[in-house]
**Student:** 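Quick one: structure below, then a few questions.
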Amino acid sequence: PLDVRFVVGQERQEVFAHRCLLACRCNFFQRLLSSEPGPGVPSPVVLSTVPAEAFLVVLEFLYTNSAKLQRHSVLEVLTAAVEYGLEELRELCLEFVVKALDVELVCEALQVAVTFGLGQLQERCVAFIEAHSQETLRTRGFLELSAPALLPLLRSDKLCVDEAELVLAARSWARVGAAVLERPVAEVAAPVVRELRLALLAPAELSALEEQNRREPLIPVEQIVEAWKCHALRRGDAARGTPCRRRRGTLPREHHRFLDLPFK
């Protein structure tokens with residue numbers, strides 16, 4: 001009999017299943033359902049964090065050892081598979097995601113990869129963003145990345161985007177985070193702005209950035225000072241720790257010939 005009742009997701013959808021089958025197929029459910037149901041109608045098992053559609057795919061996998069994955073919900077299924085310890089389903093999801101990667105999906109996939117330590121998926125996502133940098137920076141998914149997910153992007157030499165655009169994208173990202181978290185922009189940006197390569201900007205651009213930074217603090221003053229040192233001394237290694245490496249998409253500027261560090 002269908003002897004276990006779940007209440008799933010924000011929509012609180014009721015889903016019925018066989019307790020014995022779930023417990024046999026998955027350690028997570030074995031632990032979750034270990035208490036014997038008492039007499040009468042058993043109370044429902046509430047799983048509020050997994051969307052109902054994703055949970056139904058998990059059940060489909062547990063019953064049939066296969067799953068019909070959809071692009072719009074595969075990351076939620078992947079998240080459930082990781083949390084429930086379903087390695088085969090996780091691998092099916094990873095294979096599907098890698099094939100389905102596009103500009104709209106890639107940031108959300110990167111976030112899942114960073115959250116759950118899925119190294120290969122993270123590498124694939126970063127490589128995709130490196131090749132499609134400008135389009136990706138304009139997506140909502142980019143603005144919703146966590147700081148740990150944004151860091152590997154800002155550390156990459158292979159981004160096909162100029163530093164001026166990257167600074168604008170970082171400001172937009174920090175503004176969204178500040179609004180959501182109700183914290184100052186500079187505080188939200190602090191974990192990531194160190195990776196911006198300000199010395200790549202021309203003096204006029206650096207002056208404009210400095211002026212905007214006075215109106216809306218984003219970048220620590222000492223970081224801007226370090227960039228100015230590179231200009232003054234005409235050496236890329238003038239201020240220790242100032243990244244001056246050009247990225248793949250860095251537009252040439254006259255002062256770049258003075259920077260010692262070449263493209264990687």
Side-chain angles (χ1 to χ4, degrees), residues 1-118 121-122 125 139-149 173 176-182:
L2 294 166
D3 55 356
V4 60
R5 177 166 61 108
F6 295 96
V7 174
V8 184
Q10 298 300 309
E11 57 270 60
R12 297 187 63 78
Q13 183 172 330
E14 281 194 328
V15 178
F16 294 87
H18 298 87
R19 178 183 294 265
C20 181
L21 184 141
L22 298 192
C24 288
R25 290 276 285 136
C26 174
N27 288 336
F28 171 84
F29 286 110
Q30 186 178 35
R31 291 191 300 271
L32 186 68
L33 305 172
S34 57
S35 59
E36 285 296 317
V41 180
S43 8
V45 178
V46 179
L47 297 172
S48 56
T49 57
V50 56
E53 184 178 356
F55 186 72
L56 288 171
V57 175
V58 170
L59 287 189
E60 178 191 5
F61 175 78
L62 292 175
Y63 275 83
T64 68
N65 218 37
S66 64
K68 296 185 194 74
L69 299 171
Q70 304 289 334
R71 184 188 171 285
H72 69 274
S73 60
V74 65
L75 291 173
E76 291 164 339
V77 178
L78 173 57
T79 298
V82 172
E83 291 179 338
Y84 300 167
L86 296 169
E87 289 191 19
E88 286 179 50
L89 180 57
R90 185 190 70 180
E91 291 308 310
L92 287 175
C93 290
L94 287 172
E95 191 179 322
F96 185 98
V97 171
V98 167
K99 288 179 181 171
L101 273 186
D102 62 15
V103 167
E104 294 302 324
L105 185 66
V106 69
C107 285
E108 198 180 340
L110 174 61
Q111 185 61 64
V112 171
V114 170
T115 300
F116 294 106
L118 304 171
L121 179 59
Q122 179 175 328
C125 291
T139 62
R140 179 178 171 181
F142 172 80
L143 296 175
E144 293 176 348
L145 286 173
S146 67
W173 171 85
V176 169
V180 170
L181 300 169
E182 298 182 341

**Student:** Thr139 and Glu104: side-chain donor and acceptor closer than 3.5 Å?
**Tutor:** no
**Student:** More than 12 heavy atoms of other residues, nucleotides or ligands under 6.0 Å from CD of Glu88: yes or no?
**Tutor:** no
**Student:** Among side-chain atoms of Gln111 and Thr115, is any donor-acceptor pair under 3.5 angstrom?
**Tutor:** yes
**Student:** Taking Gln10 for the side chain and Ser48 for the main chain, is one N or O donor matched with an acceptor at less than 3.5 Å?
**Tutor:** yes
**Student:** Quick one: closest heavy-atom pair of His72 and Glu76, and the distance?
**Tutor:** O-OE1, 4.5 Å
**Student:** Taking the side chain as every heavy atom from C-beta outward, state whether Arg25 and Tyr63 have any pair of such atoms under 4.5 Å apart.
**Tutor:** no
**Student:** Measuring from atom CD of Glu87 to atom CG of Leu92, what distance do you get when rounded to the nearest 0.5 angstrom?
**Tutor:** 12.0 Å
**Student:** Side chains of Phe6 and Leu32: closer than 4.5 Å at any heavy-atom pair?
**Tutor:** yes
**Student:** Side chains of Val74 and Val57: does their closest heavy-atom pair fall under 4.5 Å?
**Tutor:** no
**Student:** Which pairs count as salt bridge (charged side-chain N to carboxylate O under 4.0 Å, His left out) when at least one residue sits in residues 63-75, sequence neighbours excluded?
**Tutor:** Glu60-Lys68, Arg71-Asp102
**Student:** Looking at every non-hydrogen atom in both residues, tell me the closest pair between Ala109 and Leu75 and how far apart they are.
**Tutor:** N-CD1, 3.6 Å
**Student:** Do Val7 and Gln13 have side chains that get closer than 4.5 Å, going by heavy atoms?
**Tutor:** no
**Student:** As an exercise, state the distance from OG of Ser146 to CH2 of Trp173, rounded to the nearest 0.5 Å.
**Tutor:** 8.0 Å
**Student:** As a quick check of understanding, evaluate side chain to side chain contact (heavy atoms under 4.5 Å, CB included) for Val8 and Leu56, giving each step before the final call.
**Tutor:** CA-CA 10 Å; Val8 184; Leu56 288 171; over 6 Å; no
**Student:** So which heavy atom on Val77 is nearest to which on Cys93, and how close?
**Tutor:** CG1-SG, 3.6 Å
**Student:** If I take atom CG from residue Leu121 and atom CZ from residue Arg90, how far apart are they, to the nearest 0.5 angstrom?
**Tutor:** 10.5 Å
**Student:** So how far is it from Leu69 CG to Phe61 CZ, rounded to the nearest 0.5 Å?
**Tutor:** 10.0 Å
**Student:** Rounded to the nearest 0.5 Å, how far does CD of Glu95 lie from CD of Glu91?
**Tutor:** 8.5 Å
**Student:** With sequence neighbours excluded, tell me which residues meet side-chain contact (heavy atoms from CB on, under 4.5 Å) with Gln30.
**Tutor:** Ala23, Asn27
**Student:** Indicate yes or no: at least one non-hydrogen side-chain atom of Leu78 is less than 4.5 angstrom from one of Phe116.
**Tutor:** no
**Student:** Indicate the atoms forming the closest heavy-atom contact of Arg19 with Leu33, along with that distance.
**Tutor:** NH1-O, 3.0 Å
**Student:** Mind checking whether Tyr84 and Phe28 have parallel, tilted or perpendicular rings, split at 30° and 60°?
**Tutor:** parallel
**Student:** Looking at SG of Cys26 and CG of Leu59, how far apart are the two atoms once the value is rounded to the nearest 0.5 Å?
**Tutor:** 10.0 Å
**Student:** State which residue, out of Leu105, Val98, Leu101, Val114, fulfils the side-chain contact (heavy atoms from CB on, under 4.5 Å) condition with Cys125.
**Tutor:** Leu101
**Student:** Is the shortest side-chain heavy-atom distance between Arg5 and Val45 below 4.5 Å?
**Tutor:** no
